[in-house]
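Proteins come first, then strands; the chains are lettered A, B, ... in the order of their sequence lines, and each starts at number 1. All figures in this text were calculated on a predicted structure; none of them were measured in a lab.
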2 protein chains.
Amino acid sequence: MKTSPDTANTTQRADKKEQRRLQMADIARLAGVSTSTVSRALSGSKLVNDETKTRIAELAKSLNYSINIGAQNLRLKQSRTIAVVIPSDSATRQHLTDPFFLGMLGSLADALTERGFDMLVSRVDAEQLDSVSQIYDTGRASGIILIGQWRHHDQLNELALRQVPLVVWGAQLPKQLYVTVGSDNINGGKLATRHLLDQGRRAIAFFGDIQLPEVSQRYQGYCAALSEAGLPVREELVVAASFVEDGGKQAVAELCARQVKFDALFACSDLLAMTAINSLRERDFSVPADVAVVGYDDIELARYFHPPLTTIRQPMPVAGLALVDALLQQIDTHASQAFLLDTELIIRRSSQ
Amino acid sequence: MKTSPDTANTTQRADKKEQRRLQMADIARLAGVSTSTVSRALSGSKLVNDETKTRIAELAKSLNYSINIGAQNLRLKQSRTIAVVIPSDSATRQHLTDPFFLGMLGSLADALTERGFDMLVSRVDAEQLDSVSQIYDTGRASGIILIGQWRHHDQLNELALRQVPLVVWGAQLPKQLYVTVGSDNINGGKLATRHLLDQGRRAIAFFGDIQLPEVSQRYQGYCAALSEAGLPVREELVVAASFVEDGGKQAVAELCARQVKFDALFACSDLLAMTAINSLRERDFSVPADVAVVGYDDIELARYFHPPLTTIRQPMPVAGLALVDALLQQIDTHASQAFLLDTELIIRRSSQ
DNA sequence: TTGAAAGCGCTAACAT
DNA sequence: ATGTTAGCGCTTTCAA
């Protein structure tokens with residue numbers, strides 16, 4: 001039988017036993033009240049005498065006591081925790097390194113703090129996205145924000161079917177059962193392309209993997225802008241560049257191998273744009289003189305690049321809040337809507 | 001901001017009836033056994049019949065049941081959660097945007113997953129670092145990893161005094177009560193400076209805020225390398241550049257205002273190096289011809305910069321594991337040691 | 001205004 | 001090999 005630690009017990013120096021953590025019963029005893037009163041006092045209930053309330057609050061503070069959140073959550077059947085999940089490619093494990101996703105994490109951290117939620121971050125193998133529901137099923141988090149839609153449309157639909165409260169950063173697709181928050185990719189693509197057209201460029205290359213929903217919409221914007229200007233979409237200018245590794249380098253190589261003339265480039269991420277610019281430079285193209293370049297994301301380093309990168313900014317600070325609020329609303333009301341954020345063209349030297 | 005035009009985008013559940021979450025008792029009833037048996041079966045106890053064990057496991061799987069972690073943790077008096085804290089400047093809120101810290105988050109996510117812990121991420125106002133202990137006192141996390149020692153030495157010591165299990169990424173200082181894991185900044189500074197000396201440079205500027213422990217050690221390395229080469233440390237070449245904003249730009253301005261000749265630059269972060277290089281370029285210095293530059297951190301973009309940045313790499317993948325293991329050991333044994341990771345010179349074009 | 005008692009969902013002695 | 005029972009630390013009826 002285990003005796004509860006008691007004041008009469010001698011504590012030995014060699015004794016490695018955890019000094020028992022203070023709990024509500026201790027505060028109650030020291031204040032000469034019941035735990036109910038302590039609980040009420042600390043939660044600011046008006047059922048308790050003001051004088052006792054402050055006495056208890058001070059006692060707690062002086063002893064460095066804080067309510068055990070695990071127990072509180074169990075009792076209240078809540079968790080006040082949201083999980084942020086970033087699918088990671090099992091092979092490269094590279095996704096969490098993209099500056100864009102990382103910026104998003106910061107924005108989410110702020111938004112969740114503001115709403116009084118804790119943020120649990122986990123990387124999940126992209127091939128096992130269904131394991132995401134565990135985070136919810138176990139009560140670890142009351143909902144899930146997933147950053148990185150990639151090609152997981154079907155798996156995400158399955159999650160939604162399982163009633164997991166879920167909001168995804170990405171593009172809206174047909175037959176979509178889950179809720180997305182994202183920026184206006186179509187317009188982003190238009191803005192970028194129009195800007196290049198305004199600079200007098202006519203042979204605008206497009207770098208991006210059209211299989212990805214967001215990129216596909218940026219491509220739609222690209223096509224729309226060309227069409228507005230009365231220009232055809234020339235397939236030989238479109239390269240399926242991937243986001244990983246030296247995507248830009250490979251894409252430039254591919255484009256050059258095609259022997260096609262081009263005087264501008266719209267790359268679907270800043271990273272892609274930067275590696276592309278470096279490759280262009282190696283091949284003695286000058287940016288922006290020979291090739292005007294526009295990127296996408298406006299990561300922090302875009303302005304420090306040489307030349308400073310013209311790009312499409314996604315509104316990060318708003319993005320976090322939008323994701324969080326969409327999720328909280330879904331948890332509350334079991335219904336919420338897709339939400340589209342404005343994109344903005346940031347003009348710097350790489351395109352002028 | 002617009003709401004999306006699509007029709008099918010509202011996820012609704014007409015049925016608002018709370019479907020009670022499945023719990024162990026339900027599984028027990030359905031399996032015709034007691035909850036103890038279910039508990040044991042799911043935890044793989046050998047006390048339970050193999051046949052029953054698989055029966056229960058399958059039942060649970062088919063019903064999508066997972067153990068409620070909150071209740072489990074309460075009962076087991078554990079949390080299997082580690083908090084990762086990033087102090088944020090109350091004014092700028094900029095710290096979580098430094099690519100280096102963000103890379104660290106990724107590394108920690110991997111390391112914690114590997115050790116079976118959840119990662120709670122929170123941004124805490126740098127002026128109220130003592131509030132960090134709440135995360136521990138409330139039982140929310142069993143320990144804390146703090147990224148960003150900055151000038152908070154005293155506050156960190158106080159936290160350690162309060163018995164909060166804590167490991168800090170940073171430099172080891174005298175009279176330090178908390179445990180640090182960090183890279184070998186002194187050697188990093190030496191490697192960078194020696195490399196510049198090897199390139200024949202003799203007037204090497206140093207950019208960094210020596211008030212910060214890590215930077216101070218890099219500066220020590222810088223001094224040591226100069227001294228090895230029989231050169232004096234020239235104060236007019238040392239600029240107290242800050243990490244934030246256009247730190248590099250200001251530092252270059254300051255240096256030029258001093259009218260001192262320099263042919264190399266060691267900047268204490270890659271971001272600093274990059275902004276400095278851009279400023280140098282504006283002033284018609286060529287890099288590396290006129291000024292050879294070495295940065296610090298080896299963030300992902302360093303290799304994509306123009307010119308590709310020579311830098312000191314801190315071993316990120318190892319860093320996460322080292323931090324986590326130091327913390328877990330501290331939680332287990334109430335003792336752990338500071339740990340120093342090797343730094344490595346990565347030579348690229350900016351210095352040659 | 002306060003206290004007693006029940007129980008959140010689980011685990012682990014202690015029985016059988 | 002399985003069931004009974006007593007909590008983990010808290011909140012909240014219900015009773016006083």
Side-chain angles (χ1 to χ4, degrees), chain A residues 1-5 18 20-57 60 63-81 134 136-142, chain B residues 18-57 59-60 63-81 134 136-140 142:
Chain A
M1 179 186 300
K2 198 166 55 176
T3 53
S4 63
E18 289 268 344
R20 195 177 60 93
R21 287 224 202 154
L22 223 47
Q23 56 191 70
M24 206 173 260
D26 302 313
I27 305 295
R29 194 166 16 78
L30 292 170
V33 295
S34 72
T35 58
S36 323
T37 304
V38 175
S39 172
R40 286 193 272 249
L42 293 179
S43 68
S45 156
K46 45 192 59 165
L47 281 174
V48 68
N49 202 337
D50 272 359
E51 182 261 324
T52 357
K53 214 185 314 199
T54 48
R55 206 178 81 238
I56 291 176
L63 293 177
N64 251 306
Y65 167 76
S66 315
I67 289 182
N68 179 311
I69 295 203
Q72 186 181 54
N73 282 341
L74 177 59
R75 178 60 232 237
L76 297 179
K77 297 176 153 203
Q78 58 171 22
S79 79
R80 293 211 73 80
T81 299
Q134 292 277 315
Y136 173 72
D137 293 335
T138 59
R140 196 71 192 74
S142 356
Chain B
E18 284 286 331
Q19 51 171 95
R20 198 176 58 90
R21 287 260 263 267
L22 223 47
Q23 58 192 68
M24 206 173 260
D26 301 315
I27 306 295
R29 194 167 15 79
L30 293 169
V33 295
S34 73
T35 58
S36 326
T37 303
V38 175
S39 173
R40 286 192 273 250
L42 293 179
S43 69
S45 156
K46 46 192 58 162
L47 282 173
V48 64
N49 200 339
D50 273 357
E51 183 261 321
T52 357
K53 219 187 310 200
T54 48
R55 206 179 80 238
I56 292 176
L59 184 60
L63 294 178
N64 251 304
Y65 166 77
S66 317
I67 288 183
N68 179 311
I69 293 203
Q72 185 182 54
N73 281 341
L74 177 60
R75 178 61 232 234
L76 297 179
K77 298 176 151 206
Q78 57 169 23
S79 77
R80 293 210 75 80
T81 299
Q134 292 276 318
Y136 173 71
D137 293 334
T138 58
R140 197 71 190 73
S142 3

Set of side chain to side chain donor-acceptor pair (under 3.5 Å) partners for A:Asn49, sequence neighbours left out:
none
Who passes salt bridge (charged side-chain N to carboxylate O under 4.0 Å, His left out) against A:Arg75, sequence neighbours left out?
none
Just to verify, what does B:Ser34 make a side-chain contact (heavy atoms from CB on, under 4.5 Å) with, not counting sequence neighbours?
B:Ser36, B:Thr37
Who pairs with B:Ser66 by side chain to side chain donor-acceptor pair (under 3.5 Å), at least two apart in sequence or on another chain?
none
Tell me every residue that passes side-chain contact (heavy atoms from CB on, under 4.5 Å) with B:Ile27, counting only those two or more places apart in sequence or in another chain.
B:Leu22, B:Val38, B:Ile56, B:Leu59, B:Leu63, B:Tyr65
Identify the pairs formed between an N or O of the protein and an N or O of nucleotides 8-11 of chain C at a distance under 3.5 Å, and give each distance.
from: C:dC8; atom 1: O2; to: A:Arg75; atom 2: N; distance (Å): 3.4
from: C:dG9; atom 1: OP1; to: A:Lys77; atom 2: NZ; distance (Å): 3.4
from: C:dG9; atom 1: OP1; to: B:Gln23; atom 2: OE1; distance (Å): 3.3
from: C:dG9; atom 1: OP2; to: B:Gln23; atom 2: OE1; distance (Å): 3.3
from: C:dG9; atom 1: OP2; to: B:Gln23; atom 2: NE2; distance (Å): 3.4
from: C:dG9; atom 1: O5'; to: B:Gln23; atom 2: OE1; distance (Å): 3.3
from: C:dG9; atom 1: N2; to: B:Ala71; atom 2: O; distance (Å): 3.4
from: C:dC10; atom 1: OP1; to: B:Tyr65; atom 2: OH; distance (Å): 2.6
from: C:dC10; atom 1: OP1; to: B:Asn68; atom 2: N; distance (Å): 3.0
from: C:dC10; atom 1: OP2; to: B:Met24; atom 2: N; distance (Å): 2.6
from: C:dT11; atom 1: OP1; to: B:Gln72; atom 2: NE2; distance (Å): 2.8
from: C:dT11; atom 1: OP2; to: B:Ser39; atom 2: OG; distance (Å): 2.7
from: C:dT11; atom 1: O2; to: B:Arg75; atom 2: NH1; distance (Å): 2.2

Counted 5' to 3', the first and last nucleotides of DNA chain D within 4.0 Å (strictly under) of a heavy-atom of chain A are D:dG9 to D:dT13
At what distance, to the nearest 0.5 angstrom, does CD1 of B:Ile69 lie from CG of A:Leu74?
13.0 Å
Under the side chain to side chain donor-acceptor pair (under 3.5 Å) rule, collect the residues that match up with B:Gln134, sequence neighbours excluded.
none
Contacts of type salt bridge (charged side-chain N to carboxylate O under 4.0 Å, His left out), residue A:Asp26, not counting sequence neighbours:
A:Arg20, A:Arg29
Separation of atom CG in A:Asn49 from atom P in C:dG3, rounded to whole Å:
11 Å
Pairs meeting criterion salt bridge (charged side-chain N to carboxylate O under 4.0 Å, His left out) with involvement of residues 32-47 of chain A, two or more places apart
none
Under the side chain to side chain donor-acceptor pair (under 3.5 Å) test, which residues partner B:Thr52, sequence neighbours left out?
none
Between the first and last five pairs of the helix from C:dT1-D:dA16 to C:dT16-D:dA1, the angle of the axes, rounded to 10 degrees
40°
